[in-house]
Trainee: 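One structure, as structure tokens, below. Some questions next.
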Amino acid sequence: MGVYVVTGAASGMGRSTAEQLRWEGHVVIGVDLQRADVQADLSTAEGRQQAIAEVKASCHGRLDGAVFAAGLGPVPGREEIIAKVNFLGVVELLEGLHEDLAAAGNAKVVIFSSNSTTTIPGIPQEIIDAFMRRDIGEALQLAEEAGPQASASFIYAGSKTAVTHWMRTIGVTDKWAGKGIRINALAPGAIRTPMVEAQLADPKLAPMIRAFPIPVREFGKPEEVAQWAVFMLSPAANFLCGSVIFLDGGTDAYFRADSWPRAMTIDEMPIYQAKVEEFARTLAE
Ligand code: NAD
């Protein structure tokens, strides 16, 4: 049986993941604002450091896996908190727990992304770039310039896109994959958690949520998504690394059937060649 940290463990998909892991007999260190083993505010630098310190103290030097489910939806007026929890609440915690995950030898990490990464049109690349530089102030400024309607949705989708790109970038490096740590992301569509129930209860948002194309014609359930997260923490996921699993009833495929897989272009050959050589050097070290 393993030891796992789950952020966002007090509600929705994080809660369901923590419950399923405990049911299987694993030890779960839940992190959330309230009703969790570690109560910390991941929107602040102090809260993130406190969470890292308390998880490290509880796991005794070894973590078999981590699930990053704490996050907020695109609520207007809460852009700064969304940006900090959804992006820094993942990258800083994951970096802070690297040593404990590496100690397990084949730890697994699941990051909650979103299908908003591919189904919200027009997320400015500059916002994603600002997140990647960890310049949250710049990301917020750029989103504000997009206007009050677009701001929360660009910050939400921008934070999820950036955290997913970051995951794919670092996940395949010697520091992470080379130490046996498999990092992947789940990209849910509309799942009936308190987050989506709140949006459905909002008379302005509800018609948009209900009209959004979901080919299977129903919302997802938190316990189903949690089963995927638990599967991605299991030995069955030993060969899964840097992948993004869309669990969205077909929305991404509906909008973008032929956007992926996409072959590398001839222009990308120099990057391809450099990567092959870089990997050979890593193996030789
Ligand atoms: P939820 O609101 O049910 O649970 C999120 C949890 O995060 C809550 O327990 C909340 O307290 C915690 N949290 C929020 N701010 C925090 C902070 N500052 N510090 C510590 N914890 C904090 O949400 P959910 O629907 O289960 O979503 C889980 C993840 O999946 C989120 O990252 C969300 O963005 C993502 N997601 C959700 C949906 C959906 O349809 N519900 C779709 C795509 C992606």
Side-chain angles (χ1 to χ4, degrees), residues 5-20 29-52 54-55 66-75 78-94 110-120 136 152-153 155-164 167 185-202 205-206 208-210 212 214 218-229 232 244-249 251-252:
V5 59
V6 178
T7 73
S11 175
M13 294 183 271
R15 177 180 171 167
S16 198
T17 304
E19 283 172 358
Q20 289 186 31
I29 307 165
V31 179
D32 210 304
L33 284 169
Q34 293 162 5
R35 304 191 310 280
D37 308 291
V38 173
Q39 304 198 24
D41 182 353
L42 300 181
S43 73
T44 68
E46 304 74 46
R48 293 188 290 274
Q49 286 311 311
Q50 176 208 331
I52 294 166
E54 290 191 30
V55 172
V67 176
F68 293 95
L72 294 98
V75 183
R78 305 203 70 196
E79 286 84 350
E80 186 171 351
I81 295 180
I82 298 168
K84 290 180 173 170
V85 178
N86 290 10
F87 188 77
L88 299 178
V90 178
V91 303
E92 289 186 8
L93 260 70
L94 186 48
V110 179
I111 292 171
F112 272 76
S113 175
S114 162
N115 79 340
S116 64
T117 51
T118 60
T119 61
I120 290 192
I136 303 299
S153 122
I155 282 294
Y156 175 73
S159 68
K160 294 293 187 184
T161 305
V163 84
T164 309
M167 175 284 287
L186 271 174
I191 311 295
R192 285 204 90 124
T193 66
M195 182 186 281
V196 164
E197 294 297 350
Q199 290 169 347
L200 288 172
D202 181 329
L205 280 175
M208 282 189 292
I209 305 275
R210 291 195 184 282
F212 199 63
I214 304 177
E218 59 177 305
F219 294 121
K221 299 180 187 72
E223 57 277 14
E224 291 170 354
V225 181
Q227 282 181 39
W228 279 86
M232 289 164 74
V244 186
I245 310 288
F246 278 75
L247 276 180
D248 70 349
T251 305
D252 173 66

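Counting starts at 1 for both ligands and their atoms, in listed order. Just the heavy atoms: all of them, side chains too, but no hydrogens, waters or symmetry mates, feed the values below. Along the sequence shown, residues carry numbers from 1.
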Trainee: Hey, does T44 have a side-chain heavy atom less than 4.5 Å from the side chain of K84?
Mentor: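 SC-SC contact between K84 and T44 ruled out.
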Trainee: Which protein residues come within less than 4.0 angstrom of ligand 1, counting heavy atoms only?
Mentor: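 G8, A10, S11, G12, M13, D32, L33, A40, D41, L42, S43, A69, A70, G71, L72, V85, F112, S113, S114, Y156, K160, P188, G189, A190, I191, T193, P194, M195, V196.
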Trainee: So, using ring pair (Phe, Tyr, Trp, His ring centres under 6.0 Å) as the criterion, who are the partners of F87 when residues are at least two apart?
Mentor: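 Residues passing ring pair (Phe, Tyr, Trp, His ring centres under 6.0 Å) with F87: F131.
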Trainee: Are any of the side-chain heavy atoms of I52 and V55 separated by less than 4.5 Å?
Mentor: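 With C-beta onward as the side chain, the pair stays apart.
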Trainee: Tell me which donor-acceptor pairs under 3.5 Å the side chains of residues 185-200 have, and how far apart each pair is, sequence neighbours excluded?
Mentor:
{"residue": "R192", "atom": "NE", "partner": "E197", "partner atom": "OE2", "Å": "2.8"}
{"residue": "R192", "atom": "NH2", "partner": "E197", "partner atom": "OE1", "Å": "3.2"}
{"residue": "T193", "atom": "OG1", "partner": "M195", "partner atom": "N", "Å": "3.3"}

Trainee: Residues in salt bridge (charged side-chain N to carboxylate O under 4.0 Å, His left out) with E224, at least two apart?
Mentor: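 Once residues adjacent in sequence are excluded, the partners of E224 under the salt bridge (charged side-chain N to carboxylate O under 4.0 Å, His left out) criterion are K221.
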Trainee: Are there more than 12 heavy atoms of other residues, nucleotides or ligands under 6.0 Å from atom CZ of R48?
Mentor: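 Above 12, so yes.
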